[in-house]
Every structure is written in structure tokens, then in C-alpha cells.
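Have a look at the structure below, then the notes.
Because only heavy atoms are used, hydrogens play no part in the values below, and waters and symmetry mates are left out as well, while side chains stay in. Quick note: residue numbers are just sequence positions, from 1. When a ligand or atom number is given, it counts from 1 through the structure's own listing order.
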Amino acid sequence: MSLLITGSVALDSVKTPLQEHHDLLGGSASYAAVAASFFGPVQMLAIVGTDFPEKYLALYRKHGIDLDGLQIADGKTFRWSGEYEWDLNKRRTLSVELNVFEIFKPALPEAYKSTPYVFLANISPQLQMHVLAQVTAPKFIVADTMDLWIETQRDALTDLLRKIDCLVLNESEAREFTKETSLIKAGRLLLKMGPKYVVIKKGEHGSMLFGNDFFFSAPAYPLEDIHDPTGAGDCFAGAFTGYLTRADRIDHESLRKAVIYGSVIASYCVEDFSLTRLQSLTEAQINERYSLFKSMSHFDVV
Ligand code: AMP
């Protein structure tokens with residue numbers, strides 16, 4: 001079973017109080033695709049410029065990611081830079097250069113059109129809709145978004161919500177979108193706007209999954225050393241959708257497991273900059289942390 005992922009591919013510059021790195025592999029589609037690749041085949045639909053380093057294409061290939069939908073266009077790759085405070089939950093975007101993204105109007109390769117599972121990683125909702133309109137036999141569609149689109153493309157985002165099965169967003173975005181301070185109210189309100197499921201990510205405080213007759217709350221892995229939180233949300237959503245694609249069924253059990261696998265991969269991602277940690281991640285390490293999540297949140301009724 002394949003998973004189609006579209007989103008941004010970026011060259012990121014990231015500054016934390018302790019380190020600074022430039023031209024890192026980033027972008028929502030990069031993080032999501034590599035995270036999902038631990039669970040099965042991934043097709044990537046995105047755009048880069050001619051300056052995109054060959055070593056990053058090699059990294060995608062190493063993860064078995066299908067690159068037929070990765071357009072290499074004349075021009076420069078999308079660039080993003082951000083800076084973290086000592087509280088790594090606080091990030092400031094320093095610059096965004098859209099570059100080749102300005103001309104991105106992807107046509108799905110023939111082999112991608114009938115892919116059953118789709119993850120629309122963070123890009124503009126108009127682009128997410130453009131991709132969705134070309135998908136012919138979707139079984140489960142997950143979408144992510146960000147504050148920028150809530151502020152500038154609320155109507156397009158509202159339209160998108162009616163066409164997807166699951167929305168993944170972080171807590172501040174959920175509050176901003178719904179204008180609710182309570183995350184429980186925000187989750188329920190988002191459900192009423194279209195998707196069957198809503199996942200609200202709370203960073204180091206875990207995540208909550210809402211369904212119409214279903215609620216699941218998961219902790220985050222208590223990591224001591226976080227080096228770069230960039231892409232944690234994209235990894236969560238990529239692994240979440242990747243696991244559901246592998247399970248090929250959507251029920252309470254598979255959704256709970258997907259949330260935990262999402263949290264596991266995200267927890268590894270933040271242990272190093274960019275996708276560095278995921279390069280050496282093994283199945284045994286994924287299973288080990290999955291078991292730790294289980295024992296950590298297990299509750300025996302007395
Ligand atoms: P996250 O840490 O999950 O918010 O994702 C960080 C990634 O999002 C970085 O690698 C950026 O390249 C990418 N990104 C930042 N701004 C945008 C944007 N406006 N559209 C698409 N991707 C973006």
C-alpha cells in the first residue's frame with residue numbers, strides 16, 4: 001500500500017541558543033516522507049530548484065522514496081530560516097524565500113493518481129486542494145496546516161476541511177483557527193467543520209486525537225536532549241499516516257497506534273538537526289521506544 005505525500009522541500013537555516021546550521025534539508029514533505037518511509041512505500045510530490053544538492057536526493061532514495069513527482073525547476077529551492085529561544089517551544093521565523101514554489105502547480109504522475117492514502121503536508125491550502133482534485137481513489141486523506149494559512153487563507157482552509165478525513169495541527173493553530181481557548185472545544189469544533197478525526201499536537205506535552213465517538217490522549221516521550229525541534233510536527237504526521245497506510249484500516253486501535261508511532265518518530269527527529277537522526281534510526285529503536293510509550297502510559301485500574 002502506497003502513501004502520497006505533498007508539501008514543501010526546503011533548504012533551512014536553523015539557529016538554536018547553542019548551534020547554528022545552514023542549508024539543511026528541510027520542508028514539511030521532506031520530514032514527513034522520511035518519517036513515513038519507516039512504514040512503507042512513499043511517493044513524493046514537491047518542487048526544488050537546480051541548486052538542490054544531489055546528496056539530499058540520495059538521502060530520499062536511501063529511504064526508498066519515489067521521486068517521480070519531485071520536479072526540479074529552473075531557479076532556487078524554497079528557503080526558510082528560523083531561530084529558537086532557550087525555551088525551544090518558542091521559535092521565530094527569520095526569513096522565507098518561496099523561490100520555485102511560486103510556480104508550483106503540480107500535475108500528478110499517472111502512477112500517483114490512484115494512491116489510496118494521502119498526506120497533504122504543510123503548504124498553502126490552495127495547493128493542497130489542487131493536488132487533492134487529481135486524486136482518483138482516496139481511502140484516507142490527512143492534512144496539516146500552519147498559522148500563516150489560518151491568517152491569510154482561512155476560506156480555502158475551511159473548504160479543504162470538508163474534503164479531508166483527518167486534520168493535524170498544533171495547539172496554538174487549533175486555538176487560532178477556532179478562536180477557542182479550550183483545546184477540547186477547539187477539537188470538537190474542528191470536527192464539526194468536516195474531518196472525521198482531528199489531531200492536536202502539543203509539542204513536549206503530547207497529543208490528542210478527536211473523533212466523533214472517540215478520544216485518545218498520548219504523552220510525549222520525556223526526552224532529555226532536544227537539539228532541534230524543527231520538523232517534529234511533520235514527522236509526527238508523516239509517521240502517523242505512514243502507519244495507517246501500512247495497517248490499511250482506520251479504527252480506534254490503528255488510530256491509537258498511529259499516534260504513538262507518530263510520537264516515537266518525532267521524538268527521534270528532534271535529537272539532532274534536520275533529518276540527521278532519522279538516517280541512523282533502526283526498526284529495533286522504533287520498537288523499543290514504542291514499548292516505552294506503552295509502559296509509560298499504562299494504567300492499571302485498582
Ligand atoms: P515544523 O517545525 O513542523 O513547523 O516544520 C518546519 C518546516 O516547515 C521547515 O523545514 C520549513 O522549511 C517548513 N516551512 C516553513 N514555512 C513554510 C511554509 N510557509 N510553507 C511550507 N513549509 C514551510
Identify whether the distance between the nearest side-chain nitrogen and carboxylate oxygen of Asp144 and Lys201 falls below 4.0 Å. yes
Are Lys196 and Asp165 within salt-bridge range, i.e. N to O under 4.0 Å? yes
Is there a nitrogen or oxygen of Gly27 sitting under 3.5 Å from a nitrogen or oxygen of ligand 1? yes
Does Val96 come within less than 4.0 angstrom of ligand 1, counting non-hydrogen atoms of the residue? no
Within the structure, does Thr230 bring an N/O atom to less than 3.5 angstrom of an N/O atom in ligand 1? no
Does any N or O atom in Asp12 lie less than 3.5 angstrom from one in ligand 1, N or O only? yes
So, are Arg92 and Glu83 salt-bridged, with charged N and O less than 4.0 Å apart? yes
Assess the residue pair Phe210 and Tyr197 against the criterion (ring pair (Phe, Tyr, Trp, His ring centres under 6.0 Å)); give the C-alpha distance rounded to whole Å, side-chain angles, the decisive distance to 0.1 Å, and a yes or no. CA-CA 6 Å; Phe210 297 80; Tyr197 301 98; over 10 Å; no
Strictly below 4.0 Å, N to O, side chains only: are Arg154 and Glu151 in salt-bridge contact? no
Where the closest heavy atom to atom 20 (N) of ligand 1 is concerned, which of Trp149, Trp80, Phe101 has it? Trp149
closest protein heavy atom to atom 14 (N) of ligand 1 is Phe78 CE2, 4.1 Å
Ionic contact status for Glu180 with Lys192, cut-off 4.0 Å: no
Tell me whether Arg91 reaches ligand 1 (any heavy atom closer than 4.0 angstrom to a ligand atom). yes
